[in-house]
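Each remark here refers to the structure printed beneath this line.
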Amino acid sequence: VAATGALILLPSIVLTGIAAVPHYRWTTPVRHTTAAPISDSQLPSAPSSLGSQAAWSKDVDGMLDVVGGAAGPVVLTTTGLMGLNPKDGSVRWTYQRDGAVYSALALGLATRSMDDIYLITSPNHRYIALRMSGPGFIINGGRQHHSSPDDHDVQPHVSLVLDSVTGKVTHEHVSAGGAFQLTDSALLDDTTVYSLDKGTELWDFRSARIRGLGLDPGTYIGTAGHASFLIESAKDRSLSLIPQAHPDQITPAPDFLTNRSGYPVIIDGWVGYFTSERESRTQSAIHPGHAHAASLDGLAKVTGADTQTYDLGVTLGVNTTASRASGTLALFPSNPPTKKTEGLPDNDRSWDGAPSVGQVFDPHSKAVKPARESAGISGIAVGITSRATETNPGGQITARTPDGHSASLPIAPGTTFYAPGTDDSSNAKLNDLAVAHAGGSYLSAVNTPGVTLVTLNAAPPGDGASQYVRIYGITGGK
């Protein structure tokens with residue numbers, strides 16, 4: 001595409017349904033506002049405790065995901081992205097693209113509490129990445145991706161990376177899907193690694209130099225190390241680690257604490273792994289093991305990386321829901337709640353009424369503490385504890401952390417599509433997030449720089465496709 005915006009069709013591009021990449025990019029209207037930069041010294045930190053009341057609330061139609069950017073919350077809706085001011089919920093920057101359909105990067109079990117993942121962040125939270133449904137097929141020399149129809153190389157996505165502070169787009173290109181990982185300075189998208197500051201290609205798994213190593217980018221999607229990636233062996237699909245600057249320096253991965261997809265839960269570049277053999281790795285039973293936390297860069301042997309490890313004690317594994325919400329490595333307890341418990345909260349109801357967070361590792365302070373002593377919201381519970389009645393047609397949400405901090409959040413009458421109740425979906429028992437989400441709760445929470453967010457899905461009950469969400473912003477936590 002020339003500087004004037006004139007369209008040049010390359011021989012390797014054909015149209016399928018909608019125009020191919022250049023036409024798609026240049027004729028799709030984008031409404032984009034940016035915010036002023038903020039120096040690193042002025043960026044907010046995540047609250048270390050729960051405040052007592054909401055400083056602001058905001059209703060968001062079509063909400064898909066929310067994550068912590070470096071300057072505060074970043075929200076994705078069906079119409080686009082917006083970066084929020086953590087102090088008052090005002091909009092700092094926006095990105096809207098007409099007709100865009102945002103792709104879920106990972107599907108969760110609890111649709112009412114927004115468990116699906118659409119946004120990933122770099123370990124330092126400076127960058128946000130997402131994918132949109134893409135333009136078509138590329139043929140004649142393109143690599144066939146999986147089971148592409150008619151031997152064409154499908155390019156079903158457009159990948160986008162933005163600066164989370166300013167909202168500035170730092171990178172955009174078509175993608176065949178597959179691996180999608182962010183470090184602090186690079187993006188791995190399918191087989192290619194791109195520089196985030198220059199937008200240039202650094203290297204590709206398809207190059208002769210890399211192909212001879214028998215490596216594959218795999219399918220892990222999410223935060224990577226500060227300067228390292230998680231990949232797979234092309235032969236046995238085992239996980240390995242590589243520095244982004246030295247892809248030929250391969251280190252086999254340890255026995256990671258994994259989510260239900262079999263991939264590690266990486267928080268701000270840190271990960272947990274088992275250091276003792278467990279009885280079984282079957283999906284139908286759970287067994288404890290001794291675990292440690294380490295920097296992914298340290299495990300990948302990145303030059304100058306932190307190689308210190310931290311003893312996490314004995315655990316059943318990593319609590320993915322609590323870890324994502326709190327920005328910590330939150331672990332399941334060392335033992336299940338009953339002798340008859342055969343699974344984790346997402347498939348075993350015996351966790352009802354029992355805490356699902358034991359030890360917690362904070363990647364910033366490097367402290368390992370029980371949930372009741374740890375900073376932040378690792379063991380938070382959120383539920384509607386006062387239901388709507390004829391005399392009190394609103395309701396009240398209670399948010400509570402294991403250290404005793406709590407917040408009361410009123411639900412104004414007539415502002416939800418249902419009468420707030422105290423059924424299982426309301427989590428009136430105040431189970432923590434992993435247990436509550438498994439029970440179908442439509443409330444959740446996430447700790448972001450400057451503010452703790454509590455979310456209430458106010459959409460009509462039973463309509464899993466609707467996400468009309470009220471965000472409560474709780475500030476004041478130390």
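Numbering starts at 1 and runs along the sequence shown.
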Which residue pairs satisfy the side chain to side chain donor-acceptor pair (under 3.5 Å) criterion with at least one member in residues 42-62, sequence neighbours excluded? D59-R470

In Å, rounded to the nearest 0.5 Å, how long is the span from [atom1] of [X] to [atom2] of [Y]?
| X | Y | atom1 | atom2 | answer |
| --- | --- | --- | --- | --- |
| I397 | I411 | CD1 | CD1 | 4.0 Å |
| W351 | N431 | CH2 | CG | 11.5 Å |
| I221 | F180 | CD1 | CZ | 8.0 Å |
| L43 | N124 | CG | CG | 10.0 Å |

Please table the atom pairs, donor to acceptor, closer than 3.5 Å between any side-chain atom in residues 78-89 and protein atoms at least two apart or in another chain.
residue	atom	partner	partner atom	Å
T79	OG1	T77	OG1	2.9
N85	OD1	K87	N	2.9
D88	OD1	S90	N	3.0
D88	OD1	S90	OG	2.7

Parallel under 30°, tilted from 30 to 60°, perpendicular over 60°: which one fits the rings of Y220 and Y263?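 Tilted: the ring planes of Y220 and Y263 meet at 30° to 60°.
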
Can you tell me if [X] and [Y] form a side-chain donor-acceptor pair at under 3.5 Å?
| X | Y | answer |
| --- | --- | --- |
| D190 | H157 | no |
| T183 | Q244 | yes |
| D163 | T170 | no |

Indicate yes or no: does D184 engage R126 in a salt bridge with an N to O separation below 4.0 Å. no

Between D98 and R31, is the closest basic N to carboxylate O distance under 4.0 Å?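 Looking at R31 and D98, the cut-off is met.
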
Could you check H405 against D403 for side chain to side chain donor-acceptor pair (under 3.5 Å), going step by step and ending with a plain yes or no? CA-CA 6 Å; H405 288 85; D403 62 3; 3.0 Å; yes

For a quick test of reading the model, state the closest non-hydrogen atom pair linking L433 to A325 and the distance between them. CD1-CB, 3.5 Å

Does any pair with a residue in residues 57-79 pass ring-ring contact (aromatic ring centres under 6.0 Å, His included), and if so which ones, sequence neighbours excluded?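 Qualifying pairs, neighbours excluded: none.
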
